[in-house]
Protein chains: 2
Amino acid sequence: MQEKEISQAVIRRMPRYYRYLGELLDAGVERISSNDLSLRMNVTASQIRQDLNNFGGFGQQGYGYNVKYLYEEIGKILGLNQQHNIIVIGAGNLGQALANYVKFEKLGFMIIGLFDVNPALDGVTVRGIKIRMLDELEDFCRENKVDIAALTMPKEKADAIANRLVGLGIHAIWNFAHVDLELINKDVVVENVHLSDSLMQLSYNIVKNQRAKENSRQTD
Amino acid sequence: MQEKEISQAVIRRMPRYYRYLGELLDAGVERISSNDLSLRMNVTASQIRQDLNNFGGFGQQGYGYNVKYLYEEIGKILGLNQQHNIIVIGAGNLGQALANYVKFEKLGFMIIGLFDVNPALDGVTVRGIKIRMLDELEDFCRENKVDIAALTMPKEKADAIANRLVGLGIHAIWNFAHVDLELINKDVVVENVHLSDSLMQLSYNIVKNQRAKENSRQTD
DNA sequence: TAGATTGTTAATCGATTAACAATC
DNA sequence: TAGATTGTTAATCGATTAACAATC
């Protein structure tokens with residue numbers, strides 16, 4: 001039985017629902033209607049109901065949604081009910097920044113190892129996590145359950161290391177290197193975080209605003 | 001005269017075109033057809049032509065696109081022909097990681113200041129950039145042209161600082177704090193980088209693969 | 001029971017793909 | 001000129017919004 005594929009547009013919105021429900025929960029709110037939530041989140045109530053009904057009927061007519069229940073269910077949908085172990089390849093600033101993000105652990109993402117090629121970093125500890133040399137990667141993956149590898153090294157090395165990791169049975173790659181990875185195994189999940197792309201989008205919108213301002217000045 | 005709005009779906013793809021064209025340029029390729037590019041990038045030729053024609057006709061029938069020319073034109077569209085000055089609020093690991101990204105400077109994004117509230121960081125220098133205390137923000141913005149502020153501080157403080165920056169005439173906010181900013185001025189551009197959202201999408205897809213694998217095992 | 005609000009179907013809107021005449 | 005490939009219109013596909021019957 002083939003599960004119907006849920007569009008990535010929907011998936012992208014789920015973490016945001018999860019965050020808002022978490023805030024409501026912390027604020028002691030017990031139930032919420034799709035309409036009330038839509039006003040807070042600046043989306044349509046219809047979209048909320050459609051999105052949620054991709055995964056099941058979590059609400060109740062005449063009542064709305066139970067905040068705690070919905071929060072937990074979305075957590076399960078996103079896989080937050082299980083622990084995910086992460087290793088970070090590249091222990092530079094970004095790699096160390098990720099290792100220091102306490103937030104991730106609260107969501108079930110544990111950073112269990114940092115790797116680099118720079119001997120000066122060998123054995124250095126970041127929030128209790130030891131930096132290892134890259135040639136220890138194979139042993140480490142054999143001895144530990146590693147689910148996700150975050151790549152924060154220069155883009156030239158990313159492809160080779162990604163495929164080395166795929167060979168070691170990793171499930172997913174969280175890619176910060178500014179390349180499109182070409183993986184030997186299509187079942188491995190890839191999520192790209194391209195910071196310079198994000199910055200270029202920002203700059204496009206700045207320039208767009210500048211042009212709009214000039215135009216309105218001309219027509220004044 | 002109202003310019004027709006270009007959809008964010010198109011804008012999101014522009015940096016990727018820019019990257020591929022840059023690689024072709026470095027490789028000494030002089031011209032490329034939408035079809036050849038589509039094969040490399042794994043998109044349809046039709047989409048490439050549609051996307052580009054939102055901004056103008058950069059190609060030539062029977063010839064294709066001149067790589068250097070198209071690369072430069074996309075650069076202008078993205079605003080990369082002008083310099084953008086950035087300050088980073090929050091000089092923790094992530095803030096320092098951003099300051100160390102040499103890549104950004106090549107694209108015209110200059111990090112000119114780092115700010116924090118931690119006195120231990122006062123005067124410390126990251127790649128030649130001095131860390132200042134947050135109460136110097138007003139003076140600094142008066143004395144320097146600041147276009148973009150990157151927010152890497154805890155989410156509780158993000159909203160207040162964002163609005164303080166808006167008051168100081170900043171054009172754009174690159175937000176790494178895990179909140180939706182509520183700005184007093186709607187003309188300020190906001191670009192969010194929500195790393196935990198990205199991680200949750202990753203984890204959704206991991207779990208989806210797990211489920212698919214289990215299902216196929218059952219039907220075997 | 002009456003009011004509220006969901007789950008779901010139908011209508012609309014927008015984005016992607018296909019097709020082809022224009023033209024280098 | 002003939003072949004190649006764009007720019008652009010038309011067709012399709014998918015995502016969002018609206019509407020409403022089902023039901024708590």
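Protein chains get the first letters and strands the later ones, always in sequence-line order, with residue 1 at the start of each. None of these values were measured; they are calculated from a predicted model.
Nucleic acid contact for B/S33: sugar-phosphate only, since backbone atoms but no base atoms lie under 4.0 Å from a heavy atom of the residue. Within 4.0 Å of B/R13, counting heavy atoms only, lie sugar-phosphate atoms of the nucleic acid but no base atom.
Residues B/N66 and B/Q60 form no side-chain contact, since every pair of their non-hydrogen atoms from C-beta on lies 4.5 Å or further apart. Side-chain atoms of A/R16 and A/V43, non-hydrogen and from C-beta on, do get closer than 4.5 Å to each other.
The residue among A/Q61 and B/R31 whose nearest nucleotide of DNA chain D lies closer to the 5′ end is B/R31.
OP1 or OP2 of D/dT16 sits under 4.0 Å from a side-chain N or O of A/Q47. In terms of phosphate contacts, A/S34 brings a side-chain nitrogen or oxygen within less than 4.0 Å of OP1 or OP2 of C/dT6. Not one side-chain nitrogen or oxygen of A/Y65 sits closer than 4.0 Å to the OP1 or OP2 atom of D/dC24. Between B/R49 and the phosphate of D/dG7, there is no side-chain N or O to OP1/OP2 separation shorter than 4.0 Å. Contact check, A/T44 against D/dT16: no side-chain N or O comes under 4.0 Å of OP1 or OP2.
Between A/Y18 and A/Y71, the two ring planes are parallel [angle under 30°; tilted spans 30° to 60°].
Nucleotide D/dG7 holds its P atom 9 Å from the CD atom of B/Q60, rounded to whole Å. Atom pair B/Y69:OH and C/dC24:C1' shows a separation of 15 Å (rounding to whole Å applied). The distance between atom CG of A/N53 and atom P of D/dA18, rounded to the nearest whole Å, is 18 Å. The separation between B/E5 atom CD and C/dA15 atom P is 11 Å, rounded to whole Å. The separation between B/N54 atom CG and C/dG14 atom C1' is 13 Å, rounded to whole Å. If you measure from atom CZ of A/F58 to atom P of C/dG7, you get 9 Å, rounded to the nearest angstrom. Here C/dA15 presents its P atom at 18 Å from CD of A/Q8, a figure rounded to the nearest Å. If you measure from atom CG of B/D36 to atom C1' of D/dA4, you get 12 Å, rounded to the nearest angstrom.
Across all strands shown, C/dA10 is found opposite D/dT17 as a Watson-Crick or G-U wobble partner, with both distances under 3.5 Å. Using Watson-Crick or G-U wobble geometry with both donor-acceptor distances under 3.5 Å, D/dC24 finds its partner in C/dG3.
Inspection of the B/D187 and B/H171 side chains reveals no N or O donor paired with an N or O acceptor under 3.5 Å.
For B/Q50 and C/dT17, a side-chain-to-base donor-acceptor distance below 3.5 Å is present, hydrogens and geometry of angles not being considered.
Of the listed nucleotides (C/dT9, C/dG7, C/dT17), C/dT17 has the atom at the smallest distance from the side chain of B/S46.
Remark: A/E72 engages A/K68 in a salt bridge, criterion side-chain N to carboxylate O under 4.0 Å.
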